[in-house]
Amino acid sequence: MADENTPLPGEPADASRGADLIRATLGRARVAASQKGLRPGQTARRGAKRRRTPGEMSGARPDGRDPQPFKASVDRLVSELGWQEAVAVGGAIGRWPAIVGEQIAQHARPLSFDQGVLTVVADSTAWASQLRLLAPRLLVQLAAELGDGVVTRLVIKGPSAPSWNKGRIRTSDGRGPRDTYG
C-alpha cells in the first residue's frame, strides 16, 4: 500500500496545502472504499438506513419514552409492588403530631406497624392509660388519614422498666432487688 504522502495517479505532486490536500485525502478514501467493495452513498453496514416503525416514531404528544415526573414514577412503582399500605402508614408515622395532635404526640410515639396493628409507646403509665381510653378516637383519626381497614387495632404500651440484669452471673430465684421497692 502506498504511503499517505505519496500522490495517487492524477494528483499533483505537491499536494501539501489547502484544497489540494483535501482532494488528495478524499481520493485516498475513495480508493480505500472501492477496495472494500463500497459504492458511493453506501455506509459500512452495507445497506440503507433502518426505517422506524410507527411505534418508534417520536411525536408531539407525550408517550412512555419521554421523561416522566418523579412522583408518577414512584406512584407506579408503589402500586406495582403493592406497597400502598406500607407507604400510607409510613406517611402517618412521619406526620404523627398532625394526626393525633401536639399534646398526645409529646407523650406518645408510634413504635411499629404489623398487619393492621399499630403499636404506640407512651412515656408514662398515666399517658398509656389515657391513650387506651382514647384508642377508639385515634382509630377514627387514623382511618380518616389512611383509609378504612389499614389500622385495625392499637396496642398501647407504657414505658419499659429498667433492666436489673447486669453482668454474666445471675441468680436463679427470679427475685429482683428487694430493698428498692419495699
Side-chain angles (χ1 to χ4, degrees), residues 43-182:
T43 61
R45 56 185 172 130
R46 296 183 188 258
K49 290 182 178 179
R50 185 176 70 89
R51 293 183 183 248
R52 291 184 176 169
T53 61
E56 293 177 322
M57 291 183 174
S58 179
R61 306 229 187 275
D63 61 6
R65 296 175 301 136
D66 290 336
Q68 300 297 316
F70 184 72
K71 183 182 182 329
S73 298
V74 170
D75 289 345
R76 188 179 70 242
L77 177 69
V78 165
S79 66
E80 286 175 1
L81 297 175
W83 291 349
Q84 293 93 342
E85 183 177 299
V87 168
V89 171
I93 289 173
R95 294 178 292 124
W96 181 252
I99 295 172
V100 298
E102 286 295 325
Q103 188 176 17
I104 293 174
Q106 287 176 356
H107 299 285
R109 63 181 171 79
L111 181 66
S112 66
F113 176 79
D114 187 32
Q115 298 178 356
V117 178
L118 180 63
T119 304
V120 177
V121 177
D123 62 357
S124 69
T125 55
W127 269 101
S129 297
Q130 183 67 23
L131 288 176
R132 286 187 191 102
L133 293 173
L134 293 174
R137 192 188 97 190
L138 293 175
L139 282 172
V140 169
Q141 287 176 319
L142 289 167
E145 283 288 324
L146 306 176
D148 289 331
V150 175
V151 177
T152 56
R153 194 173 73 135
L154 278 175
V155 174
I156 311 294
K157 293 186 174 187
S160 60
S163 173
W164 298 105
N165 295 332
K166 307 280 191 267
R168 295 180 304 155
I169 301 173
R170 293 185 180 84
T171 181
S172 62
D173 65 2
R175 299 184 323 179
R178 286 165 289 290
D179 62 346
T180 305
Y181 298 108

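This chain uses plain numbering: 1 for the first residue, then up along the sequence. Because only heavy atoms are used, hydrogens play no part in the values below, and waters and symmetry mates are left out as well, while side chains stay in. Small disclaimer: the values here were computed from a predicted structure and weren't measured.
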Trainee: Over all heavy atoms of both residues, which pair between I104 and V100 is shortest? Give the atoms and the distance, please.
Mentor: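 Taking every non-hydrogen atom into account, CD1-O, 3.6 Å.
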Trainee: Could you pull out all residues at least two apart from D123 that satisfy salt bridge (Lys or Arg N to Asp or Glu O under 4.0 Å)?
Mentor: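 Applying salt bridge (Lys or Arg N to Asp or Glu O under 4.0 Å) to D123 gives none.
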Trainee: Which residues satisfy the side chain to side chain contact (heavy atoms under 4.5 Å, CB included) test with L81, sequence neighbours excluded?
Mentor: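 For L81, the residues satisfying side chain to side chain contact (heavy atoms under 4.5 Å, CB included) (neighbours in sequence not counted) are L77, W83.
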Trainee: Can you check whether L142 reaches L154 side chain to side chain, under 4.5 Å on heavy atoms?
Mentor: yes
Trainee: Please list all pairs passing the side-chain hydrogen bond (donor to acceptor under 3.5 Å, both in side chains) test where one or both residues lie in residues 141-151, with sequence neighbours left out.
Mentor: R95-E145
Trainee: Does V120 reach the side chain of K157, with side-chain heavy atoms less than 4.5 Å apart?
Mentor: no
Trainee: For residues A128 and G158, report the shortest heavy-atom separation together with the two atoms involved.
Mentor: CB-CA, 3.9 Å
Trainee: Specify the closest pair of heavy atoms between A122 and L131, including all atoms of both residues, with the distance to one decimal.
Mentor: CB-CD1, 4.1 Å
Trainee: What pairs meet the ring pair (Phe, Tyr, Trp, His ring centres under 6.0 Å) rule with one or both residues in residues 92-147, with sequence neighbours excluded?
Mentor: H107-W127
Trainee: Can any side-chain N or O of R153 pair as donor or acceptor with the backbone N or O of L118 at less than 3.5 Å?
Mentor: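 Checked: no pair found.
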Trainee: Kindly indicate, with the supporting measurements, whether the criterion side chain to side chain contact (heavy atoms under 4.5 Å, CB included) is fulfilled by T152 and L139.
Mentor: CA-CA 8 Å; T152 56; L139 282 172; over 6 Å; no
Trainee: Would you say that R137 contacts V140 through its side chain, given a criterion of any heavy-atom pair below 4.5 Å between the two side chains?
Mentor: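 They are not in side-chain contact.
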Trainee: Listed by chain and number, what are the salt bridge (Lys or Arg N to Asp or Glu O under 4.0 Å) partners of E80, not counting sequence neighbours?
Mentor: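 Here the qualifying residues are R76.
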Trainee: Partners of P159 by side chain to side chain contact (heavy atoms under 4.5 Å, CB included), sequence neighbours excluded?
Mentor: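 Counting only residues at least two positions away or on another chain, P159 forms a side chain to side chain contact (heavy atoms under 4.5 Å, CB included) with T125.
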Trainee: For residues 129-155, which residue pairs pass the ring pair (Phe, Tyr, Trp, His ring centres under 6.0 Å) check, not counting sequence neighbours?
Mentor: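 Sorted pair list comes back empty.
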Trainee: Look at the side chain of S112 and the backbone N and O of T119, then say whether any donor-acceptor pair between them is shorter than 3.5 Å.
Mentor: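 Answer holds: no.
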